[in-house]
There are 2 protein chains.
Amino acid sequence: MTTRIQRRNRERILEAALDVFSVNGFRGSTLDQIAAVAGLSKPNILYYFDSKDAMHRALLDQLLGIWLAPLRAIRATGDPHDEILGYMRRKLQMSRDYPRESRLFANEVLQGAPRLADAIAGDLKALVDDRAEIIRGWIEAGRLARIDPHHLIFSIWALTQHYADFDAQIRLIRGDTDPMDGAEAFLDLLFDRLLKP
Amino acid sequence: MTTRIQRRNRERILEAALDVFSVNGFRGSTLDQIAAVAGLSKPNILYYFDSKDAMHRALLDQLLGIWLAPLRAIRATGDPHDEILGYMRRKLQMSRDYPRESRLFANEVLQGAPRLADAIAGDLKALVDDRAEIIRGWIEAGRLARIDPHHLIFSIWALTQHYADFDAQIRLIRGDTDPMDGAEAFLDLLFDRLLKP
DNA sequence: GTCTATAATGCGATAGAC
DNA sequence: GTCTATCGCATTATAGAC
């Protein structure tokens with residue numbers, strides 16, 4: 001049986017772990033850092049999670065659901081142009097709302113996806129292949145430009161996640177301007193032009 | 001005075017350090033790993049570099065020159081469409097030729113660019129702002145679509161570096177296909193459509 | 001220049017009191 | 001449930017022989 005306090009502490013620990021892991025990666029993060037951010041002692045956070053690895057796995061597990069939802073929402077029955085622009089906008093919104101999750105994911109893939117290989121080669125690949133087939137169907141029907149569906153999906157990932165993952169660089173170059181200011185208008189124009197048959 | 005052997009060993013160490021740092025990040029990498037890849041003993045690599053940090057700084061220093069060259073090559077006197085597509089193609093070629101450097105850079109920026117902040121806010125920002133002005137001039141002259149020059153440059157970075165930085169993910173999704181197969185044709189089409197006035 | 005041995009510290013995890 | 005204390009191992013860096 002789990003009490004309110006237990007749930008609250010588990011959440012505080014995962015919140016702190018996300019802060020730390022998303023910046024420093026798994027090996028670069030320490031339990032001392034996570035405990036300090038969570039406002040708990042190091043042995044105490046190990047009372048709630050068996051190990052540093054268990055914290056990281058818990059974060060990756062809950063990440064996958066969040067991460068796949070926008071792509072899942074693409075429907076073959078919708079208008080091709082609207083469906084794909086809608087997907088791009090949802091992904092861009094995720095870079096706004098979940099930048100730490102985006103960086104956690106980026107850290108993981110940069111290192112060769114050691115802990116995500118199964119999920120990527122399984123659920124994600126299946127979902128991507130399925131949506132790529134929908135896009136291929138739209139192209140065959142003459143409703144979209146003749147572009148490679150996989151590269152189209154990769155381009156949406158690259159362009160939207162860049163604003164979360166390379167936030168530090170964009171801030172240093174653009175100064176006080178909000179890094180994502182103007183991004184949606186730019187990407188709307190880009191994909192509008194790209195998709196037209 | 002530096003001998004041939006010294007130069008060769010320094011190069012072997014930097015080569016090994018790039019292998020290791022680009023995958024594991026700075027804190028996630030160990031001197032044992034680097035020494036093993038270099039085929040030298042741990043004290044021996046510390047004979048050539050004062051510290052782990054010195055190896056990392058040496059890599060970042062030589063990285064910056066490589067990294068800025070393609071953007072520097074943009075000329076106000078050229079044809080706008082050709083200049084920008086040429087830049088994109090050079091950047092894509094760098095993801096092919098220097099994927100480890102791309103990941104080293106990505107690791108650094110993901111962590112908030114602690115060791116690159118000065119270079120980004122200095123040389124890189126100055127170069128980007130200058131080339132953005134050139135692009136703005138082309139737009140005012142009606143030779144390009146009315147798009148934000150900074151976002152255009154960011155989009156080139158995002159789309160090209162994605163193939164190096166997220167290589168593991170793309171491989172898992174595309175299977176045996178070369179991750180960059182079809183990328184140039186796709187990006188040629190994308191930027192051709194985006195840039196037209 | 002390169003090695004073995006080791007010092008010095010950092011870190012994940014556990015023991016045990018309360 | 002939470003803490004202090006500590007174990008045991010990994011890691012950076014140095015000492016000193018050759």
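Every chain is numbered from 1, with letters handed out A, B, ... down the list of sequences.
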Only one of [options] passes side-chain contact (heavy atoms from CB on, under 4.5 Å) with [X]; say which it is.
| X | options | value |
| --- | --- | --- |
| B/His151 | B/Ile147, B/Ile153, B/Asp148 | B/Asp148 |
| B/Pro80 | B/Leu144, B/Leu195, B/Ile134, B/Ile139 | B/Leu144 |
| B/Tyr48 | B/Met55, B/Gln6, B/Arg12 | B/Gln6 |

Quiz item: Are A/Trp67 and A/Phe105 an aromatic pair by the rule of ring centers under 6.0 Å?
Solution: yes
Out of [options], whichever nucleotide has its closest atom nearest the side chain of [X]:
| X | options | result |
| --- | --- | --- |
| A/Ser41 | D/dC3, D/dG1, C/dT14 | D/dC3 |
| B/Tyr47 | C/dG1, D/dG1, C/dA15 | C/dG1 |
| B/Ile5 | C/dA13, C/dT2, D/dT2 | C/dT2 |
| A/Pro43 | C/dT2, C/dA15, D/dT14 | C/dA15 |

Quiz item: Within the pair A/Asn44 and D/dG1, is there a side-chain N or O less than 4.0 Å away from OP1 or OP2?
Solution: no
Self-check item: Distance below 4.0 Å between B/Tyr48 side-chain N/O and C/dT2 OP1 or OP2
Solution: yes
Do the side chains of [X] and [Y] get close enough for a salt bridge, i.e. N-O under 4.0 angstrom?
| X | Y | result |
| --- | --- | --- |
| B/Arg115 | B/Asp53 | yes |
| B/Arg143 | B/Glu83 | no |
| B/Arg57 | B/Asp61 | no |
| B/Glu15 | B/Arg8 | no |

For nucleotides 9-11 of chain D, print each protein N/O atom paired with a nucleotide N/O atom at under 3.5 Å, atom names and distance only.
| from | atom 1 | to | atom 2 | distance (Å) |
| --- | --- | --- | --- | --- |
| D/dT11 | OP1 | A/Arg27 | NH2 | 3.2 |

Quiz item: Using rotation axes that map the C1' atoms of four end pairs onto the next four (five pairs an end), what angle separates the end axes of the helix from C/dG1-D/dC18 to C/dC18-D/dG1, to 10°?
Solution: 10°
Self-check item: A/Gly39 vs B/Leu46, nearer the 5' end of DNA chain D by closest nucleotide
Solution: A/Gly39
